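Remarks on the structure that follows.
This structure is a prediction, so every number in the text was calculated from the model and none was measured. Any value given below was found using the heavy atoms of this structure, including those in side chains, with hydrogens, waters and symmetry copies removed.
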Amino acid sequence: MTVTLKDFYADWCGPCKTQDPILDELEEEYENVEFEKVNVDEEQDVANEYQVRSLPTLIIENDDGIVERFVGVTQAEDIEAAFQQAGA
């Protein structure tokens, strides 16, 4: 089972900078989760595909599809709970 976290962000987004250290810490802890950063300014098609309307948006997926979507700065424990739900 592949678990992926897609981090939708933009360079001008203040809350995204608050989210980054939380994700960096989780990335060190969860070696079996793929972390992908998606710059919405450069990859608008991906942002549209996932219907991202505000930033930051985190999407946790597994082989079955989207497990959880978080909008706004999200704390580590909420993301970890979604990882477990996704099978990480």
ask   = Around atom CD of Glu25, are there more than 12 heavy atoms of other residues, nucleotides or ligands at under 6.0 Å?
value = no

task = Provide the full list of salt bridge (Lys or Arg N to Asp or Glu O under 4.0 Å) pairs with a residue in residues 76-88, sequence neighbours left out, each pair given once.
result = none

request  = Go through Asp7 and Val38 one step at a time and tell me if the side-chain contact (heavy atoms from CB on, under 4.5 Å) criterion holds.
outcome  = CA-CA 6 Å; Asp7 171 21; Val38 181; over 6 Å; no

inquiry  = Which heavy atom of Val67 sits nearest to which heavy atom of Ala86, and what is that distance?
reply    = CG2-CB, 3.7 Å

Table please: side-chain donor-acceptor pairs of residues 46-60 below 3.5 Å, with sequence neighbours left out.
unit_1	atom_1	unit_2	atom_2	d
Asn48	ND2	Gln44	O	3.3
Tyr50	OH	Glu61	OE1	3.4
Tyr50	OH	Glu61	OE2	2.9
Thr57	OG1	Ser54	O	2.5

inquiry  = When you group the ILVMFWY residues by side-chain heavy-atom contacts below 4.5 Å and let the links chain together, are Ile66 and Val40 in the same group?
reply    = yes

message = For Thr4 and Glu36: C-alpha separation, side-chain torsions, deciding distance, then whether side-chain contact (heavy atoms from CB on, under 4.5 Å) applies.
response = CA-CA 7 Å; Thr4 307; Glu36 290 177 18; 3.5 Å; yes

task = Would you please test Thr2 and Glu34 for side-chain contact (heavy atoms from CB on, under 4.5 Å) and show each step?
result = CA-CA 8 Å; Thr2 308; Glu34 291 177 24; 3.4 Å; yes

Please output the side-chain donor-acceptor pairs of residues 8-24 that fall under 3.5 Å, not counting sequence neighbours, one pair per line with the distance.
unit_1	atom_1	unit_2	atom_2	d
Trp12	NE1	Asp41	OD2	2.8
Lys17	NZ	Asp11	O	2.5
Gln19	OE1	Thr74	N	2.7
Gln19	NE2	Thr74	O	3.0
Asp20	OD1	Lys37	NZ	2.9

